[in-house]
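All chains are named by letter (A, B, ...) in the order of the sequence lines, taking the proteins before the strands, and each is independently numbered beginning at 1.
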Amino acid sequence: KPTPDSAPASGNTGGKKKIAFVSNGVASFWTIAAAGVKAAGEKAGVDAETLMPVEGITDQKRIIEDLLTRGIHGIAVSPIDPVNQTELLNQVSRRTKLITHDSDAPNSERVLYIGMDNYKAGRLCGDLVREALPNGGSVMLFIGRLEQDNAKRRRQGVIDAILGRPSNPSNFDPPSQVIEGNGFKILGTLTDQFDRAKGKANAEDTLAKYPDVNCMVGLFAYNPPLMIEALSQANKLGKVKVVAFDEDDATLDGIQNGTVHGTVVQNPYLYGYKSVEILAELAKGNNSVVPADKFIDIPARQIRKDTVTEFWADLKVKTAPTK
Amino acid sequence: MTASLLEAQQLSKSFPGVRALKGVSLRLGASEVLAVIGENGAGKSTLMKILAGVQQPDSGQLRFEGQVVHLRNVQDAQQRGIALIHQELNLADNLDVAANIYLGRERRRFGLIDTAHLCRDASRHLQAVGLDVNPSTRVSTLSIGQQQLVEIAKALSVQAKVLIMDEPTSSLSSTESENLFRVIRDLRSRGVSIVYISHRLGEVKALADRVTVLRDGENAGELDRHEIRHDSMVRMMVGRDLSQFYAHQPHPPGDSALEVSQLRTSAHPKQELSFQVRAGEIVGVAGLVGAGRTEMLETVFGVRPARGGSIRVAGQLLRPQSPLDAIQAGLALVPEDRKKQGVILQMAVRDNISLASLRRDQHSGFLNRQREQELSSEMIQSLQIKTPNPDQFAQFLSGGNQQKVVLGKWLALRPKVLLLDEPTRGIDVGAKQEIYRLMEKLSRDGVAILFVSSELEEILGLSDRTIVMHEGRITGELARPELSEEAVLHLATNTQAIATT
Amino acid sequence: MRKVLGISALLLVVCVITAIASPNFLSGYNLENLVRRTALFGIISIGVAFVIVTGGIDLSIGSVVCLVGCGLPWLLATHGWSIPGAVAFVAVLSLAIGLFHGLLITKLKLPPFVVTLCGLLLYRGIARGFTNDQTVGFGAEFKTLRLLATGKIGIPFIPGFSIPAPWIFLIVVAIVAAVFLNRTIYGRYLLALGRNEEAARYSGINTDRMVILAYIISSALAGLGGLLFVLDVNSAQPVDFGNFYELYAIAAAVLGGCSLRGGEGTIVGVIVGAALMQVLRNMITLVTNRNNIEFAIIGAVILLGVIADELVKRFAARRRALAQGG
Amino acid sequence: MRKVLGISALLLVVCVITAIASPNFLSGYNLENLVRRTALFGIISIGVAFVIVTGGIDLSIGSVVCLVGCGLPWLLATHGWSIPGAVAFVAVLSLAIGLFHGLLITKLKLPPFVVTLCGLLLYRGIARGFTNDQTVGFGAEFKTLRLLATGKIGIPFIPGFSIPAPWIFLIVVAIVAAVFLNRTIYGRYLLALGRNEEAARYSGINTDRMVILAYIISSALAGLGGLLFVLDVNSAQPVDFGNFYELYAIAAAVLGGCSLRGGEGTIVGVIVGAALMQVLRNMITLVTNRNNIEFAIIGAVILLGVIADELVKRFAARRRALAQGG
Ligand SMILES: Nc1ncnc2c1ncn2[C@@H]1O[C@H](COP(=O)(O)OP(=O)(O)OP(=O)(O)O)[C@@H](O)[C@H]1O
Ligand SMILES: Nc1ncnc2c1ncn2[C@@H]1O[C@H](COP(=O)(O)OP(=O)(O)OP(=O)(O)O)[C@@H](O)[C@H]1O
Ligand SMILES: [Mg+2]
Ligand SMILES: [Mg+2]
């Protein structure tokens, strides 16, 4: 066992409890979560804040270390690389209350995991593709990055559902391979490293390379809007089916006016809200909030034309700036 | 005739567009001072670079101590005992004097540089060349003349058998030069052979045992000790006779063109400088290296801020914040360091010449290409600039021709007051004559000329009046009748000021 | 010209290879896309070329793209400014940034690398600050304004290909820039001071003012680029919008014959350089099925290109020397 | 020395402010973290300082960090190489990269900016290629090897603070580098050729060899940095591992008094520069509630720092001149 570290186990005594919510990067998705964090923090009477690392895993580690220095009563982390970060997470869990959200680290000593199963969500998305193309067709996938665990699983879920394979989250199809089956042809997976101009270029290049492509699937929040842009500039809106992930305004707008078949939404607001709520309880010493399977499921949902208006209105209320 | 120590046989060397050497031969005996002379661009520096391993010949061979040698690089040459002082300064000015002197030959103790030892050795060589600075001074704080002395000290420290000096005195005044000659004679008496290049024929006469003359990249002839005379050298170099020396014909000056009173410069803020130059007058400024002459010109020209005092050009008060202000008032300055301040090496000769006049000749912001072309052809012709065409980059011109390009740039402006800082530095006799004639013509046209020179001959021959400086102040002014070598030297070295005007 | 020749040859080779490998490369749609992307990157590359000509460097370009790209939709969509107001504001902002850089570099003599590196950190940070890391965009509005980037002008006799609007911007910017650099005294001043600042100053050139001007041009064109980029893609995320674009811009300028030592540069070359980078990226997506080695390929092609260029140059020089010597 | 003084003063000010604002800043745990991060960044900054001293630049550092950082776990964990084999391999790889850069820059006379920019694109691309964009890491294994980065050495009389192992690496590297640069002939050659390459060559120095050596040192230390970084964080993603580190390294070197014109640099200054950047980031997380303006603050502080430094220098010069003139 390592020697006990000298970090202050808790922050300044007296004041409010401090809770931190650490994302795996910077995105609108996380700003919705931050709204949940804030709301729950106010409700529970704790100091809750959201931190987003810019530079990947090194940066996430640094932020977590600095939070421990500052003294924190509870921390919710979306580990970028759950397998290799187990040790770091274990160190954290020895000093403060740790939960994981969005992406789990099952082998670590985290108290519980809040989130959804990305593979399952991916399958929901794949089902939307099959709905959009009842007679099959060619599909191109777009995603920011592939090396993140949640991205990999999400993409795999889409592929497996499209091909009608049985559920097996440990599948992995190489991104450069063309996969055929079940009447579908998955042309490939293009990444853009969060460069939007590149993301749009990927969609355009797909239209150039495969003028007859039937469906485009955008798996990171900003991908579908870029696909819509490319399609509209190519006058192909409506001719190529669009299936989306997450709840960007342009995506929801597209569903409303029929250019996007549907999207799969997670509930980042609840990730943030639940994380803070539970950490606040844990910090008080109330362990009864921990379920037996240490998993709080916040399932993904499919949004189609019929449900989009209601969903959007609710989202606007939750993320409205509170004065 | 002594046995030859270093021999070059039929060396040829071409650069893109130029054949610099066409089968040149040269012979250097033991313990002799061989002067190599020739017009600008004759190929002297190229030949020397080949002798010192800096460049390799296209054909021909070298013999050293009777053996055929191939000098692939500088180390090869240094190991054999051949050292070169380059025409242009080549110092790392971020390092101190001692580090520069021993660069590449540092003495080490336990693998580390023995700084104390280096400084001790360096100060010996500095003393020899008469440079009184601490060996641990950063070179960037030294004036050009001082840097040149550092270069010489560096070459001395090599303990070479053959020491090649390419225009070592071009920015030295007579005192430092005399010092150098003493060193050279001393070296010769200790068995060192010296190749000496200079455009100052007086020096050649005083020093050389033998003279080799180059013309257009070929041998033009040799002179033995007893044949070395001014006219014989000039004839061989230029291929014809030139009048002995250009003697200035004074003519009555006009109104005051430049009036400087109580000017204080940033280098010597305690000294006040006052003088006047009238239209059509040529005023020389003499002094030792570091006397503050360059500072003075640069302050008048707005390169450096004045600390006080006033400048009037044709009666108008001028407060130059930049050279642009000075130029617009009718001033022009041919700066001392042509490589840094004068010429833009990677730019065509034409563009260099037109650079300062662009503003005047512009068509509401657009270039006037035709005028540029005219100006540059005019200057190339009147200054006899040796260049294959006006599009040639200045960097491929010989040093002297670069200097003419700089002169051309300023003459193209037709200034009212022309400030010249060592205008003939590194220029051959023929071109010098041209420049003197030009100065004469300009002064007849009413241009006021203030020129700094470390060549006493030039000061004596050209100036209507001479200002002498010492340590930042004007120690005296000599009108033409009082002008003599002794008088100038007295004022330049003696701190006791003689009452001015 | 010689320098432009080498890079143009490389561009041609890459185009021919791609056209053979992918029949869709020469489709009107793909060419339109390529032209638009080249135009966007070309504009920012021309800007940085001016700074490089002075012997300086501008690392802040990507962040200026980000600041303008996030600032414009933020002002328009989030804060309801009028279009003229918002555009004028980001324009003035870009100019002010260039002025700020130029003043620090000339008056305080700070190294351009440091000043613009701080700019790189600062402006993106500011954009992240005011947007609070939220994605900003136009949604379905401002269609007319967006025509600046998404509009197309049909050509009568080539069906299937229309000129993307950014290309018009690029052509105008390029012509003005080329005339400025080669035909005006100020361009000559820039070239002169880029090679020898001191000599230029002694020749009566107000070098400080010219250097400041170069940084203003660079920031202004980065701002224009940022505006067109965001109008094209419709939304911007402050964390990554324009990331690394300074490197692409500098690479395009250098490929196009700008010397980082200053004093050299041609506008045509810069555009060809920008086009080369875009064609390479396009090629990788069209021809291969994996785009994760895209940067490796771009790096390798550029490197091989400059190596080949250098070797050809040497070979030619040797041939000439031999011909002359014999 | 004067240059180091300014930046040290700035570091001190930032430390004092942070210590006042956050009582935990001076805790042993935090100091340990700071020392470890400074050590990691300090090592790569010292490397680039050598290149900067020659008047060159190395933009490939971040990508070398990535290549080594991904390559090591890939060889060890994914391919089961032995520890000595894998470490030797990445070491040789780093040296070879430096050699490659140096040869292109000296023998082919390609500009360092271009060569290392291509390196930046190339090496990360290669890492992405061989890992297929997958995260690589050590998992729970290689604990002993990882002690190189995670180990701590207790100090008898300061409880609660132990020296992180990377600090030992930094100290060794720094001492060797400082002696090399200031006391050996090779260091002197580097300084000389950085200011005036021709003068150095005319003095019989094999300048090409020295320049190559500088690039080898830079890549080697980037490789060492990459190794320690990945041992510290336990896994690496080829897409972002080491992203922008070249800029941080160059910024640290320049802050620490290296002139990008070459010929100047102190090792101590570089370490202080690296420390300043780390303390700033630490401060932002400890003191403020938002870390998205972190880069804005770093940029602003560096900029204010160099501006203040310049103004103080000028003020002092004016005082001296006045004293003299009066
Ligand atoms: N690197 C080069 N590239 C092209 N041409 C060159 C180069 N070096 C010298 N030349 C040319 O070779 C010729 C001889 O030049 P060199 O420098 O040897 O003349 P020089 O006799 O030393 O003249 P000066 O008295 O002016 O110093 C000149 O025409 C010059 O322009
Ligand atoms: N850049 C500089 N930095 C510091 N001191 C300088 C600088 N330039 C000149 N000096 C010093 O100022 C004094 C005057 O130098 P200046 O060059 O004006 O003299 P000069 O009479 O023209 O001599 P020279 O013939 O060497 O040019 C000298 O002592 C010199 O060392
Ligand atoms: Mg010469
Ligand atoms: Mg002088």
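Heavy atoms of C/Leu255 lying under 4.5 Å from chain D are absent altogether. For C/Val306, the parts lying near chain D are the backbone and the side chain together; criterion is any non-hydrogen pair under 4.5 Å.
Taking a 6.0 Å sphere around CZ of D/Arg314, one finds it holds more than 12 heavy atoms contributed by other residues, nucleotides or ligands.
Heavy-atom pairs under 4.5 Å with chain D peak, among C/Val115, C/Leu311, C/Ile307, at C/Ile307. Residue with the most contacts toward chain D among C/Cys118, C/Gly119, C/Ala127, C/Ala251: C/Cys118 (heavy-atom pairs, distance under 4.5 Å). Per-residue counts of heavy-atom pairs under 4.5 Å with chain C were compared for D/Val301, D/Leu260, D/Leu59; the largest is that of D/Leu260. Note: C/Leu110 leads C/Leu110, C/Ile126, C/Leu120 in heavy-atom pairs under 4.5 Å with chain D.
Atoms CG and CG, on D/Asp309 and C/Leu108 in that order, are 11.0 Å from each other to the nearest 0.5 Å. Taking CG of C/Leu121 as the reference point, atom CD1 of D/Ile297 lies at 12.0 Å (rounded to 0.5 Å).
A side chain to side chain contact (heavy atoms under 4.5 Å, CB included) with C/Leu117 is found for exactly one of D/Ile302, D/Val254, D/Leu247, D/Leu303, namely D/Leu247.
Residue pairs satisfying the side-chain hydrogen bond (donor to acceptor under 3.5 Å, both in side chains) criterion with at least one member in residues 112-125 of chain D, sequence neighbours excluded, are listed as follows: D/His101-D/Tyr123.
Under the 4.5 Å side-chain criterion, counting only non-hydrogen atoms from C-beta, D/Leu122 is not in contact with C/Phe295.
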